[in-house]
Participant: 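The structure's right below; bear with me while I get my questions together.
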Protein chains: 2
Amino acid sequence: MQILAGDRAPVMADVARVAGVSQQTVSRVLNERPNVRPATRVRVLEAIRELGYRPNAAARTLVTRRTNTLGVISFNTTLYGPASMLYAIEQAAKQHDYFVTVAALAAMDRRSVFEAVERLRDQAVEGIIGIAPQTAAVKILAAMPAGVPLVAVGCGVHAALSAVAVDNEAGAERATSYLLDLGHRTVHHLAGPRTWLDAQEREAGWRRALTARGAATPEPFPGGDWSARTGYELGRRIVADQSVTAVFCANDHLALGLIRALQAAGRHVPDQVSVIGFDDIPDAEFFGPALTTVRQDFDELGRRALLALIRSIGSTGSTGSTGSTGSTGSTGSAGSIGSIGSTGPAGATGGGARGSTARAANPVAVVNPTLVVRASTARPRH
Amino acid sequence: MQILAGDRAPVMADVARVAGVSQQTVSRVLNERPNVRPATRVRVLEAIRELGYRPNAAARTLVTRRTNTLGVISFNTTLYGPASMLYAIEQAAKQHDYFVTVAALAAMDRRSVFEAVERLRDQAVEGIIGIAPQTAAVKILAAMPAGVPLVAVGCGVHAALSAVAVDNEAGAERATSYLLDLGHRTVHHLAGPRTWLDAQEREAGWRRALTARGAATPEPFPGGDWSARTGYELGRRIVADQSVTAVFCANDHLALGLIRALQAAGRHVPDQVSVIGFDDIPDAEFFGPALTTVRQDFDELGRRALLALIRSIGSTGSTGSTGSTGSTGSTGSAGSIGSIGSTGPAGATGGGARGSTARAANPVAVVNPTLVVRASTARPRH
DNA sequence: GCCCCGGATGTTTGCGCTAACAATCGTCAG
DNA sequence: CTGACGATTGTTAGCGCAAACATCCGGGGC
């Protein structure tokens, strides 16, 4: 109604007036609909530029019911792994024209997870990625009637929850076997926090390797967290045991602390004790000595999780049938959206998406870690 | 109009019907407006619970023009500092009922920064925090007609850009002075990437300390990035110079690499060469030897940046005058919003908010780093 | 007893956009 | 030359919500 552009941000009607077309035609141009004469399109685009018009996302969302926003739940994005995954997720999301909203968990309990999910749903995210490697978090997430597609990443495989996981067990087994191959009678384990699935799986892999090779299975040293400090403190207990010649640590930070404790006690690494870590953080190569470790490809994990989620969203969205609605066309990478939208439903859930909110009950992908051998491991001296 | 709840998510009208009130009354209850009889409120809340009603954020945004969303631009959230700040920002945002959307920079150039800002503005964020410590990023951000409140964090002080900064120069000066106090004739510097303000400021602080004490100022070793690998490679050049007895590194990772290079060359740390870092990452204490470093309080930085941004938003928002609109009351922490909304405008800009988008031209806060002395530094042997 | 006032609630309107339908224009087969 | 058809554009309706205004009701001052 207002004729004067009284300081308010321009809206579509303003653009329409300037371009001399109807508001709907402006909408068509913006959404890259067919059947707009090139000349008209140009006029509209010029008007948009002239006015500095910017579409109102809320209004569009209100009618299309699409927010183009994904949520990421994470417990502690300060750790290298989660930070890397978050980063990779955002990068990938951008390419698919999605926004990423983060929700950090205040604490690791049902209430916090619930609140985080609620928070994201309040913002109407189209899907959620949970970077929550703790057992508790996974359980809670799996039990949560999310109402939106949900993918967990780096948290093992759990029924009723789509997941992109690292094969921690295989990695741990490989690391342990490697130490046994070097001639160690057995391998001790400095475990991660028992509440984390990664910790559990790595311990399981370590046990399996020892059992398979007929080696004794010493009591693992239970870690409280993933920090170097903990590694150091447990290390002081480990040094008391002269029979320890090889230790598989649940992550690199623990290994760092352990190495320090060993050295403080006058034990040489690797000549007297071999140490192996997990993750291959960038610093690991420069520990003294350089750390043999199991590398995880966090970027790949993040990327795959995102793809899995988008596929899941594609198969949920009831508006997907027309196909043309796939191109929300804001910046132009509609092609990639289309490809996901079209291959997703066919490949994943068989197109049968039964009304209810889809949440594939199977793991989506498993990424394999690789052993990186460096100076912190060596043949034992007998 | 629809009588049957045909599978669609319930809307306010559905709640109203169930509660036997008008839709507007439901709205009043949700927004914690006065003048609703307690009994009515209870009926409405029960209906909400019964239906599992969830307010539609887009619709609310459309009419209130508030998205309750903030954007965070960051170049690399994998690094410890940025990751910590992002984490702190999210935690603080949650308490003030804001969502946080992240936008990672694809590359460090004008175009990428511009795109990130545009991306966030497309999503109608109410304000932006830039974690962009590079000189280039700051310049671009400062020059950008953001259209929304913008606060930079950890990026020095720049006119025309609100900023929450660490006093890198003071920290570097302190570290350098400390080494001089120990008796070192001079202190060498392993610099960070020149494109980062932090690197520049730390180098400046180092220079200033040397000059102030009348010590020689050797050519700094220019770092390409912040990694241990770079520290190691530069370290191999440093070991060639037997006169080096103390090195101030621009961050902890560089220091780690340097220490490794020194040890590989048979130089003892700290007996022959003292090394000092910057940041105090959690691992630093467990480097071999434990690293003396300058601690930054990233959490505090993030928190302050968020507060500065919210204050800035408060002084921009034209709807703030009524006061009652401050409580968008979704989860109940309306109190904190109210306090910000009311103290912000008064305390910051004196209530005179002159129409145009506010962007305070002055630094908002400076956080002081502290020296943490550990084993990697010692008196030189003469 | 009448009027006025303020608390409680209802009704109407419009935020900016897209979907669905309607209208217009030119073109081409018959 | 006419009618139909497709390409292009316009018109109307409504997404879910909150603001503004209207209405209703009970109680107190006179």
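Residue numbering restarts at 1 for every chain, and letters A, B, ... go by the order of the sequence lines.
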Participant: Can you check the B/Arg43 CZ to C/dG10 C1' distance for me, whole Å?
Facilitator: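 After rounding, the reported distance stands at 14 Å.
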Participant: Considering heavy-atom distances to DNA chain C, does B/Leu62 or A/Gln24 have its closest nucleotide positioned more toward the 5' end?
Facilitator: B/Leu62
Participant: Taking N or O atoms only and anything under 3.5 Å, show me the protein contacts with nucleotides 5-9 of chain D, one pair per line.
Facilitator:
| unit_1 | atom_1 | unit_2 | atom_2 | d |
| --- | --- | --- | --- | --- |
| D/dT8 | OP2 | A/Asn35 | OD1 | 3.3 |
| D/dT9 | OP1 | A/Arg37 | NE | 3.3 |
| D/dT9 | OP1 | A/Arg37 | NH2 | 3.1 |
| D/dT9 | OP1 | A/Thr40 | OG1 | 2.4 |
| D/dT9 | OP2 | A/Arg37 | N | 3.0 |

Participant: Look only at the side chain of A/Glu126 and the backbone of A/Asn68, and say whether a donor-acceptor pair between them is shorter than 3.5 Å.
Facilitator: yes
Participant: Output the rounded distance in Å from CZ (A/Arg66) to C1' (C/dC17).
Facilitator: 16 Å
Participant: Please report, rounded to the nearest Å, how far the C1' atom of C/dG16 is from the CG atom of A/Asn56.
Facilitator: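 Rounding to the nearest Å, CG of A/Asn56 and C1' of C/dG16 are 6 Å apart.
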Participant: To the nearest angstrom, how far is B/Glu32 atom CD from D/dA18 atom P?
Facilitator: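 For the pair B/Glu32 CD and D/dA18 P, the rounded distance is 12 Å.
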Participant: Is it the case that B/Thr69 and B/Gln123 place a side-chain donor and acceptor less than 3.5 Å from each other?
Facilitator: no
Participant: Side-chain atoms of residues 34-45 of chain A: list all donor-acceptor pairs with protein atoms under 3.5 Å, sequence neighbours left out, distances to 0.1 Å.
Facilitator:
| unit_1 | atom_1 | unit_2 | atom_2 | d |
| --- | --- | --- | --- | --- |
| A/Arg43 | NE | A/Ala19 | O | 2.9 |
| A/Arg43 | NH2 | A/Ala19 | O | 3.4 |

Participant: For B/Arg60 and C/dG16, what is the distance between atoms CZ and P respectively, to the nearest whole Å?
Facilitator: 18 Å
Participant: For residues 302-309 of chain A, run the donor-acceptor check on the side chains, cut-off 3.5 Å, and write out each pair with its distance to 0.1 Å, sequence neighbours left out.
Facilitator:
| unit_1 | atom_1 | unit_2 | atom_2 | d |
| --- | --- | --- | --- | --- |
| A/Arg303 | NH1 | A/Glu300 | OE1 | 2.8 |
| A/Arg304 | NE | A/Glu300 | OE2 | 2.8 |
| A/Arg304 | NH2 | A/Glu300 | OE2 | 3.3 |

Participant: Side chains of A/Val11 and A/Asn56, heavy atoms from C-beta outward: is any pair under 4.5 Å?
Facilitator: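 They are not in contact (no side-chain heavy atoms under 4.5 Å apart), so the answer is no.
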Participant: Considering only side-chain heavy atoms of A/Arg33, which listed nucleotide, D/dA18, C/dT18, C/dA19, is closest?
Facilitator: C/dA19
Participant: D/dG16 C1' sits how many Å from B/Asp14 CG, rounded?
Facilitator: 11 Å
Participant: Holding to side-chain contact (heavy atoms from CB on, under 4.5 Å), I want the full list of residues that pass it with B/Ala57, two or more places apart in sequence or in another chain.
Facilitator: none
Participant: Assess the residue pair A/Asp14 and A/Arg17 against the criterion (salt bridge (charged side-chain N to carboxylate O under 4.0 Å, His left out)); give the C-alpha distance rounded to whole Å, side-chain angles, the decisive distance to 0.1 Å, and a yes or no.
Facilitator: CA-CA 5 Å; A/Asp14 300 321; A/Arg17 199 171 330 112; 3.1 Å; yes
Participant: Which residue in the set A/Arg54, A/Arg60, A/Lys94 passes salt bridge (charged side-chain N to carboxylate O under 4.0 Å, His left out) when paired with B/Asp122?
Facilitator: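 That would be A/Arg54; it is the only one of A/Arg54, A/Arg60, A/Lys94 passing the salt bridge (charged side-chain N to carboxylate O under 4.0 Å, His left out) with B/Asp122.
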Participant: Please check the phosphate of C/dT18 (OP1 and OP2 only) for any side-chain N or O of A/Ser27 closer than 4.0 Å.
Facilitator: yes
Participant: Compute the bend angle of the helix from C/dG1-D/dC30 to C/dG30-D/dC1 from the end axes (five pairs per end), rounded to 10°.
Facilitator: 50°
Participant: With sequence neighbours left out, what residues match A/Thr67 under side chain to side chain donor-acceptor pair (under 3.5 Å)?
Facilitator: none
Participant: Let me know the distance between CE of B/Met12 and P of C/dT12, rounded to the nearest Å.
Facilitator: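 Atom CE in B/Met12 sits about 18 Å away from atom P in C/dT12.
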Participant: A/Arg65 side chain N/O closer than 4.0 Å to the phosphate oxygens (OP1, OP2) of C/dT18?
Facilitator: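 No, outside the criterion.
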Participant: Nearest to the A/Tyr53 side chain among D/dA18, D/dG16, C/dC17, which nucleotide is it?
Facilitator: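 Nearest to the side-chain atoms of A/Tyr53, counting from C-beta on, is C/dC17.
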Participant: What is the separation between atom CG on A/Asn31 and atom P on C/dG16, rounded to the nearest whole Å?
Facilitator: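 Answer to the nearest Å: 17 Å.
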